[in-house]
Novice: 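First the structure, then my questions, so here it is.
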Amino acid sequence: MAREQLFAVVAALLFALGFYTLVVTPHLLRKIVALNVMSSGVFLLLVAVASRHEDGRPDPVPHAMVLTGIVVGVSVSALAMVLARRIFRETGATTLYRAEHRPQDEQTRE
Amino acid sequence: MMHAIVLILLVPCAGAVATCFPGRGLRVGLGVATSIGTCGAVGLLLAHLLAEGPQRYAIGGWLAPLGIVLYGDGLALLMLLLTAVVGLAVSLYAARYFEAVEDDHATAGLFWPLWLLLWGGLNALFVSGDIFNLYLLLEFTLLASVALAALGGSRAGHVSALRYLLAATTAGLFYLLGVTFLYAEAGTLDLALLRAAAPSGLLPVVALWSMIGALLLKCALVPLHFWLPAAHSTAPAPVSAVLSALVVKAGFYVILRIALQTFPDLAPVPAVHVLSALGLVALLWGSWQALVQDRLKMLIAYSTVAQVGYLFLLLPLAEPARVDLIAATTYHMLSHGLAKAAFFLGTGAVVKMAHSDLIAHTRGSFRRAPLAVMAMIVSGAVLAGALPGGGAKGTLFHLALDHGHRIWAAAIAAGMVLAAAYTIKAVRHCFLPAESAPPGGRSSRGLELTALALAGSAAALSFQSDAVLSLLEIAWR
């Protein structure tokens, strides 16, 4: 029982840390990493839930959810990094704010 | 025999794979053929539903709790029909829209696979009967939506697409957290089994509100709308239409399913009143923001922020009014979906011709693109509830009055007036004479006709309000 509670506490910490960093840090790469830390928190919680089966054997459904969730996380990270790299190449900015507020070429979009 | 509920997923996804490969002409042909095929599959499912009642399909023969069950009832079917009508119009429109832009070869090539994947994902979402499956499909449609939103290729488009992705993925993790809590409590992911289990206590309430909070961002209720105006206005016109008309609705659809259908007793009353108040703010503030924009697509995007407010405004109506409430909000979702898509498509034709998104640059558009401007006016009239009977707005207005909520009724009336005002603002310059010789020729008749046909369907829905509402009641039983 103590082990599961440890898992749950660590999971909550990871989720909270990830969310905090995601909101507070402007740097895009850090945001993407923070998103992954946050999702690791949820996955850890799912692993803890899986171990709560009565007869001692783990429940396979949360494990399947973690695996599927990892696939989602990889896809989102990949798309986010492609967009971040494109923004960096176009503007040299590593944050959304700076990419939007460059002094030159404002309102040139047709 | 292949089950129709499988076809509505299989056809668009197969089309998405097929459109990845061939050359340009064949790709457009395949895309349009897939769209027609998907509409046919939805029609087949409708026939099955009318003949046999709600449809169930266990994927691979595996039943819940271990397997995933697809579930097609009346509400799901109405959303599928909305997606099919808007989807077909968008496909026909896109076939001409991207064709006309010579330098957009890569954009057009990416549009078809992404759009068909998004359509398949939305169809799957509407028939999904499993909270984890709903999570996956929300993320799946998000990935396709973000890639489509970035297709515009502008810097602003990339920035807004990335902001949309980061915000919605964060929301998705809160949703997944809620799913984890619910699974820990009830031991199942299936909506029907969860409803039967009826978990009570603190943890399910926290889970439910974690999920609802996440979905509020996905359907852009104020103040979680910050990502929407930029993302919806920088995308190409057919993409804007899909994002505003369908993808935003998917978030609210999941709220309907989970909060009203599966756990009607878990929502604490004060929290629902907060949602209603936010709906009120969204309605008034979003309409006002639309009114002060000087760019056409930004105006329409803020109109979406306002129209989402209507969905939440009447949410606190309790049990005896629940059926009417669900019917009225579903009606509004359908009406707004058709009208907003038509508005974006009509605007797309005007913007393409004027080579500018600024309202001031659309002078003389009515002479050169009369049907597109008509489409904007008709869909604006539907959004404002200005057609006889008032359409969805009239239904919501009467529902609020019947239950003695004068403030809500007043807000709805104010929203209708503001919608009329921003529609007039959007089209006013089109009727003014052009200042100089217009650059470029006429707009494409195909684009204009598609937009006008969609606006016509939105208007037709308004005139058939009684028939549609009775259909909704049948669907819910």
Side-chain angles (χ1 to χ4, degrees), chain A residues 8 11-12 15 18-19 22-23 28 31-32 34-36 38-46 48-50 52-53 59-62 64-66 68-69 71-73 75-91 93 95-100 102 105 107-110, chain B residues 65-68 131-133 135-140 142-144 146-147 149-150 152-170 172-185 187-189 210 227 230 233-234 295 351-352 354-358 361:
Chain A
F15 191 85
F19 184 56
L22 190 71
V23 174
L28 285 172
K31 273 187 192 288
I32 294 168
L35 206 57
N36 280 282
M38 225 178 134
S39 59
S40 300
V42 185
F43 298 155
L44 195 59
L45 193 64
L46 275 167
V49 168
R52 284 207 331 178
H53 224 242
D59 179 358
V61 173
M65 287 161 71
V66 171
T68 323
V71 175
V72 171
S75 316
V76 169
S77 303
L79 182 57
M81 282 191 279
V82 166
L83 284 170
R85 192 179 61 170
R86 212 175 262 189
I87 290 168
F88 178 70
R89 281 191 182 159
E90 282 167 2
T91 66
T95 69
L96 289 178
Y97 181 84
R98 275 206 216 132
E100 264 179 344
R102 289 212 316 169
D105 64 14
Q107 308 281 319
T108 50
R109 171 168 60 97
E110 278 195 341
Chain B
L66 204 57
I68 295 167
I131 47 173
F132 184 69
N133 209 23
Y135 165 72
L136 293 179
L137 290 163
L138 283 168
E139 293 300 297
F140 184 84
L142 171 71
L143 286 171
V146 168
S154 67
R155 190 191 70 209
H158 290 147
V159 171
S160 58
L162 183 53
R163 178 171 291 132
Y164 176 25
L165 177 65
L166 290 174
T169 307
T170 312
L173 287 173
F174 275 93
Y175 181 93
L176 187 60
L177 190 68
V179 170
T180 308
F181 287 158
L182 272 184
Y183 186 80
E185 190 72 15
T188 179
L189 299 166
S210 181
W227 55 271
S233 63
T234 51
R295 287 181 178 272
V351 168
K352 202 174 184 55
H355 297 291
S356 170
D357 182 21
L358 281 172
H361 289 177

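Each chain gets a letter, A, B and so on, in the order its sequence line appears, and its residues count up from 1.
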Novice: Kindly indicate, with the supporting measurements, whether the criterion side chain to side chain contact (heavy atoms under 4.5 Å, CB included) is fulfilled by A:Leu35 and B:Leu173.
Specialist: CA-CA 9 Å; A:Leu35 206 57; B:Leu173 287 173; 4.2 Å; yes
Novice: Decide yes or no for A:Val61 and B:Phe132: does some side-chain heavy atom of the first lie under 4.5 Å from some side-chain heavy atom of the second?
Specialist: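 Side-chain contact under 4.5 Å: no.
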Novice: When rounded to the nearest 0.5 angstrom, what distance separates NZ in A:Lys31 from CZ in B:Arg163?
Specialist: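 Separation between the atoms: 8.5 Å.
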Novice: Looking only at heavy atoms, what is the nearest atom pair of A:Val49 and B:Ala184, with distance?
Specialist: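 Looks like CG2-CB, 3.8 Å.
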Novice: Checking heavy atoms, do the side chain of A:Ile87, its backbone, both or neither come under 4.5 Å from chain B?
Specialist: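 Looking at A:Ile87, just its side chain touches chain B.
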Novice: How far does CD of A:Glu90 sit from CZ of B:Arg155, to the nearest 0.5 angstrom?
Specialist: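 One gets 8.0 Å once the value is rounded to the nearest 0.5 Å.
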Novice: Under a 4.5 Å heavy-atom cutoff, which of A:Pro62, A:Ala64, A:Ala93, A:Gly73 has the most pairs with chain B?
Specialist: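 Max contact count across the listed options: A:Pro62.
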Novice: Which atom pair, heavy atoms only, marks the closest approach of A:Ser75 to B:Leu143?
Specialist: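 A:Ser75 and B:Leu143 have their closest heavy atoms at CB-CD1, 3.7 Å.
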Novice: Check whether A:Leu22 gets within reach of chain B through its side chain, its backbone, both or neither, counting any heavy atom under 4.5 Å.
Specialist: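 When you check distances to chain B, only side chain atoms of A:Leu22 fall under 4.5 Å.
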Novice: Say you draw a straight line from CG of B:Leu176 to CG of A:Leu45; how long is it, rounded to the nearest 0.5 Å?
Specialist: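 Going from CG on B:Leu176 over to CG on A:Leu45, the span is 9.5 Å.
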Novice: Compare every heavy atom of B:Val159 with every heavy atom of A:Ala99, then report the nearest pair and how far apart it is.
Specialist: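 A:Ala99 and B:Val159 have their closest heavy atoms at CB-CG2, 3.7 Å.
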Novice: Heavy-atom cut-off 4.5 Å, strictly under: side chain, backbone, both or neither for B:Leu136 against chain A?
Specialist: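 Only the side chain of B:Leu136 comes within 4.5 Å of chain A.
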Novice: Report which part of A:Val76 has an atom under 4.5 Å of a heavy atom belonging to chain B: side chain, backbone, both, or neither.
Specialist: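 It is both, since atoms from each part get that close.
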Novice: Side-chain contact test, heavy atoms from C-beta onward, threshold under 4.5 Å: evaluate it for A:Leu83 versus B:Val146 and give yes or no.
Specialist: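 SC-SC contact between A:Leu83 and B:Val146 confirmed.
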Novice: Relative to chain B, which segment of A:Thr91 carries a heavy atom at a distance below 4.5 Å: side chain, backbone, both, or neither?
Specialist: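 When you check distances to chain B, only side chain atoms of A:Thr91 fall under 4.5 Å.
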Novice: Salt bridge (Lys or Arg N to Asp or Glu O under 4.0 Å): which pairs involve residues 172-181 of chain B, sequence neighbours left out?
Specialist: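 Output for this query is empty, none listed.
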Novice: Nearest 0.5 angstrom please: B:Tyr183 OH to A:Met65 CE, how far?
Specialist: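 Between B:Tyr183 OH and A:Met65 CE, I get 7.5 Å after rounding to 0.5 Å.
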Novice: Under a 4.5 Å heavy-atom cut-off, does chain B meet the side chain of A:Ala34, its backbone, both or neither?
Specialist: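 No part of it gets close to chain B.
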Novice: Using non-hydrogen atoms only, which part of B:Phe181 is less than 4.5 Å away from chain A: side chain, backbone, both, or neither?
Specialist: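 Answer is side chain: those atoms of B:Phe181 sit under 4.5 Å from chain A.
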Novice: Out of B:Leu189, B:Leu166, B:Thr180, B:Leu142, return the one with the most heavy atom pairs under 4.5 angstrom to chain A.
Specialist: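 Max contact count across the listed options: B:Thr180.
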